[in-house]
2 protein chains.
Amino acid sequence: MLSKKTKYALHALTYLGKHREEKTVLIHDIAEEHGISHKFLENILLELKKAGLLGSKKGKGGGYYLIKEPQDIPLSKVIRLLDGPIALLPCVSLNYYEPCAECKSEVECGINKVMIQVRDETLKILENKTLQDILEK
Amino acid sequence: MLSKKTKYALHALTYLGKHREEKTVLIHDIAEEHGISHKFLENILLELKKAGLLGSKKGKGGGYYLIKEPQDIPLSKVIRLLDGPIALLPCVSLNYYEPCAECKSEVECGINKVMIQVRDETLKILENKTLQDILEK
DNA sequence: TTTAAACCCTATAAAAAAGATAGGGTTTAT
DNA sequence: ATAAACCCTATCTTTTTTATAGGGTTTAAA
């Protein structure tokens with residue numbers, strides 16, 4: 001399951017996507033709309049900004065705005081950013097690889113082999129669905 | 001990512017699958033092979049038994065054994081059993097449904113819509129991959 | 001140029017989930 | 001009879017998640 005961070009991120013991105021005509025959107029407004037803690041949401045938006053999905057403007061009249069087109073923001077990107085690996089095991093993660101403690105040999109491990117396949121197929125799904133799909137509902 | 005419980009369960013099932021010729025397999029042997037706590041593994045095997053995947057035999061010479069054919073044990077079954085929902089959000093879970101706190105209306109929620117599609121496609125993958133695939137490596 | 005609105009940063013803490021341990025009871029093959 | 005192995009319940013530790021707090025910095029507009 002997705003963490004609340006990722007869930008909130010998706011809600012925020014959706015909100016920003018719906019308000020693209022406005023130059024900026026206030027954290028406050030997003031937080032209020034979805035009943036999220038202002039400060040917690042702030043951290044999330046900062047991460048999305050660091051990752052290049054959002055831009056922000058300081059000072060009076062400032063706020064956040066989408067920097068990418070919704071169709072260029074796949075779910076895989078958002079999930080990886082806030083929740084980490086998409087792979088089901090560390091030993092098959094592309095972005096967060098770690099060896100498995102229980103595995104004596106990855107080469108001989110059938111679980112490893114299957115999980116690589118699962119990872120690839122799952123990635124196809126999550127790279128294919130974008131913020132655009134959410135906005136289109 | 002999968003919890004250790006699920007990971008251990010997959011290792012145990014694999015071990016049992018490889019030793020199907022023997023009538024029973026000792027918890028001890030599986031635990032030792034993969035460096036898992038005996039007691040922790042015991043709990044997991046009990047869950048697999050309750051779910052109808054394993055049988056057990058008490059007394060001297062007893063142990064656990066596979067009750068189903070490997071091709072009839074999909075990853076989805078094991079994951080749901082030990083880790084819970086496969087869906088990314090509670091509001092789209094088939095087996096563990098709960099409404100989302102942040103969502104005002106599921107019907108209007110684009111995230112919900114997309115996650116239903118993700119769930120269905122993910123399920124296809126996880127129902128299609130079975131213990132047999134792991135054993136075949 | 002002041003000031004209010006909003007972003008930015010660090011540290012800490014509460015709550016929940018995961019992971020593991022302990023200890024004893026019951027069953028059964030030899 | 002007894003040792004080997006399954007079965008059950010409760011507790012505890014660690015890690016991760018989910019926040020909260022408080023203050024500093026930047027900037028647009030009056």
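Everything numeric in this text was worked out from a predicted model, so none of it was measured. Chain letters run A, B, ... following the sequence lines, proteins first, then strands; residues in each count from 1.
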Visitor: Could you check how far CD1 of B:I30 sits from P of D:dA5, rounded to whole Å?
Guide: 13 Å

Visitor: What is the separation between atom CG on A:L26 and atom C1' on C:dA5, rounded to the nearest whole Å?
Guide: 9 Å

Visitor: Within this structure, what is the CG-to-P distance between A:L45 and C:dC8, rounded to whole angstrom?
Guide: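 The distance from CG of A:L45 to P of C:dC8 comes to 10 Å, rounded to the nearest Å.
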
Visitor: With side chain to side chain contact (heavy atoms under 4.5 Å, CB included) as the test, would you mind laying out the steps for B:L131 and B:L66 before giving the verdict?
Guide: CA-CA 11 Å; B:L131 180 56; B:L66 269 187; 4.0 Å; yes

Visitor: What string of B, S and - do you get for nucleotides 11-26 of chain C, 5' to 3', if B is base contact, S is sugar-phosphate-only contact and - is no contact with any protein heavy atom under 4.0 Å?
Guide: --------SBB-BB--

Visitor: Find the distance B:M1:CE to D:dT15:P and express it as a whole number of Å.
Guide: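 My rounded result for the distance is 16 Å.
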
Visitor: What is the distance from NZ of B:K60 to P of D:dA1, rounded to the nearest Å?
Guide: 15 Å

Visitor: Write down the distance between CD (A:E47) and C1' (D:dT18), rounded to a whole number of angstrom.
Guide: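 Distance, rounded to whole Å: 13 Å.
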
Visitor: Counting the atoms with a prime plus P, OP1 and OP2 as sugar-phosphate, which does A:I27 contact under 4.0 Å by heavy atoms, base, sugar-phosphate, or nothing?
Guide: sugar-phosphate

Visitor: Give the ring-plane orientation class for B:F40 versus B:Y8, where under 30° counts as parallel, over 60° as perpendicular and anything between as tilted.
Guide: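 Geometry flag for B:Y8 against B:F40: perpendicular rings.
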
Visitor: Tell me every residue that passes ring pair (Phe, Tyr, Trp, His ring centres under 6.0 Å) with A:Y64, counting only those two or more places apart in sequence or in another chain.
Guide: none

Visitor: Would you tabulate the side-chain donor-acceptor contacts of residues 47-56 of chain B under 3.5 Å, counting partners in other chains and residues two or more places apart, or write 'none'?
Guide:
from	atom 1	to	atom 2	distance (Å)
B:K49	NZ	B:S56	OG	2.9

Visitor: Give me the ring orientation class for B:H34 and B:H11: parallel if the planes are under 30° apart, tilted from 30 to 60°, perpendicular past 60°.
Guide: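 Aromatic pair B:H34/B:H11 classed tilted.
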
Visitor: Does A:K49 put a side-chain nitrogen or oxygen below 4.0 Å from OP1 or OP2 of C:dC8?
Guide: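 A:K49 to C:dC8 OP1/OP2: side-chain N or O found under 4.0 Å.
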
Visitor: Nearest whole Å is fine: how far is D:dT17 P from A:K7 NZ?
Guide: 14 Å

Visitor: Transitively linked via ILVMFWY side-chain contacts under 4.5 Å: B:L135 with B:L13?
Guide: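 Same cluster: B:L135 reaches B:L13 through Ile, Leu, Val, Met, Phe, Trp or Tyr contacts under 4.5 Å.
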
Visitor: Whole angstroms only, please: what is the NE2-P distance between A:H38 and C:dC8?
Guide: 11 Å

Visitor: When all nucleic acid strands are considered with a 4.0 Å heavy-atom cut-off, which category describes A:L46: base, sugar-phosphate, or nothing?
Guide: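 Result for A:L46 = sugar-phosphate.
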
Visitor: Under 4.5 Å between any side-chain heavy atoms of B:M115 and A:L2, yes or no?
Guide: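 Result yes, sub-4.5 Å side-chain heavy-atom pair found.
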
Visitor: For C:dA6 and A:Y65 - does any side-chain N or O of the residue sit under 4.0 Å from the phosphate oxygens OP1/OP2?
Guide: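 It does not, given that no N or O in the side chain of A:Y65 lies less than 4.0 Å from OP1 or OP2 of C:dA6.
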
